[in-house]
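Report on one structure; see the data block that follows.
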Amino acid sequence: MTEKGNRILKWGILALLLSYVAVMAVWANHEARVHVCTGIEVKVDGGLPSDSVTRQGVLDELRDYPGQIVGRQLQQVNPTEIERYLASRNTFESVNCVLSPRGKLVVRVVPMIPVMRVFFGDNSYYINKDGKHIETNAEFFSDVPVVTGRFNRSFAPRDVLPLVKFATTDPMLSELTSMIVAEDRDNLIIVPRIRGHVVNFGDTTRLDEKKRALVMFYRQVMPYKGWQEYDTISVKFRGQVVATRRDKSRLNHAEEYHEDYDLEEATLPDAGEATPATAPAKAPADGAAADVPDSAANKTTPNKVNKSNGPQNAG
C-alpha cells in the first residue's frame, strides 16, 4: 500500500473513532435522561448491633432531603450535596455517597458512637468519646449513661467523660450506676440502682482507689449499719470514706449544726485489698470521718474534715 493509501486509512480510522465517541456521548446522555435513581442502599461500617437502627435512621434523614432522590434522573442526583446534607446532621463520623451502575444511590456511613447522654437545663443530647455533640434523634437512641449537671464554659460535659468511661468499663460500677449528677468538677455523684444513697466520687482522679474504698465500705460497714442508714457516701477524700446519715435527728453534736449532714466513723482495711470481711466491723462512732488506710507510701490523709467543706446532701 502506498504512503497516500496509509494516510487515508489512518484518517478513516480516526474519523470512525470520533464518530463512535460522539455516538456514545449522545447515547449516554440519552440513557441518563431516561434512567432514574431506582433506590437508596445504606451501608454501615463498624458492624455494631445497632446497624439496622442506623440504616433506618439514614433513610429517615433522606426523606427530609430538600430534593427528590428516588425516581429522579441520575444526572440530576448530586451525591456530593447529599454527603454534605447528611454530614450536617451531627450523627456520623463520615459519609460517602456514590451512584452505582444499577442506578442506586449507595450511602456508606460511619456513625458516631454515643458514650453518654447529657441533660442540661432544657437541653438534651448525646456526646461521643471525643466530646462531640450528637443529636437526640429517636432513630439513633442508645442505652448509655445519663449525666445531668450544672455545666458552663469552664466545666463542660466532656470533663465527666473519664468517670463515665471508668463506670461503664468496670463490671461492678456498670451494674451499680443508674446515672451521674455533675454538681461541679469536684463533686461528681453516682446515683446507684440501689435506692437509698448516692456516692460522691469528687473529681476524675484516683478512680481505682476510690472504687476500692467504696467496695470496702459496702462490705465492711453497710451489712452492719444497713443500706438505708446513709443518704450520701463520699470517697472523694484521700484515705477516707465519709458517710452522712439519712436521719438528721440522730445528730449528737453539742454545738448548733448548720450543715445538713453528719459524719460517721469506721476503720476499714486497706482499700487495696478488696476481700470480704470475716466479721462485722466495729460499730462506727458518731461525729468523725471514716478512715481508709492508703497503701501509698506518701499518703496525705486529712486528720479532720471541716464541716463547711464536707460533702453536701445530694440524695
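Quick note: numbers below take in every heavy atom, side chains included, and nothing from hydrogens, waters or symmetry partners.
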Kindly compute the distance separating CG (Asn152) from CZ (Phe155), expressed to the nearest 0.5 Å. 8.0 Å

Verify whether one side chain among Ser124 and Arg117 offers a donor that lies under 3.5 Å from an acceptor in the other. yes

Working for side-chain hydrogen bond (donor to acceptor under 3.5 Å, both in side chains), residues Glu93 and Asn128: CA-CA 10 Å; Glu93 296 282 357; Asn128 73 345; 3.2 Å; yes

Leu86 versus Phe92, closest heavy-atom pair with distance: O-CD1, 3.6 Å

So Lys132 and Met112, side chain to side chain contact (heavy atoms under 4.5 Å, CB included) or not? Walk me through it. CA-CA 9 Å; Lys132 274 185 167 181; Met112 282 194 200; 3.7 Å; yes

Atom of Thr204, atom of Pro162 and distance for their closest heavy-atom approach: CB-CB, 3.9 Å

Is the centre of the Phe217 ring less than 6.0 Å from the centre of the Tyr230 ring? yes

Val144 vs Tyr126, side chain to side chain contact (heavy atoms under 4.5 Å, CB included): CA-CA, chis, key distance, verdict: CA-CA 9 Å; Val144 294; Tyr126 296 106; 3.8 Å; yes

Centre-to-centre under 6.0 Å for Tyr125 and His133, is that the case here? yes

Lys/Arg-Asp/Glu bridge criterion (N-O < 4.0 Å) met for Arg245, Asp231: no

For the pair Arg150 (side chain) and Ala182 (backbone), establish whether a donor and an acceptor sit closer than 3.5 Å, ignoring hydrogens and angles. no

Quiz: residues 96-104 side-chain donor-acceptor pairs under 3.5 angstrom, not counting sequence neighbours:
residue: Ser100; atom: OG; partner: Arg102; partner atom: N; Å: 3.4
residue: Ser100; atom: OG; partner: Lys104; partner atom: N; Å: 3.1
residue: Ser100; atom: OG; partner: Lys104; partner atom: O; Å: 3.3

Using a strict threshold of under 4.0 Å (side-chain N to carboxylate O), is an ion pair present between Asp203 and Lys236? no

Run the numbers on Phe120 and Val147 for side chain to side chain contact (heavy atoms under 4.5 Å, CB included), then give the verdict. CA-CA 9 Å; Phe120 174 37; Val147 176; over 6 Å; no

So if you build clusters from Ile, Leu, Val, Met, Phe, Trp, Tyr with side-chain heavy-atom gaps below 4.5 Å, do Val95 and Val110 land together? no

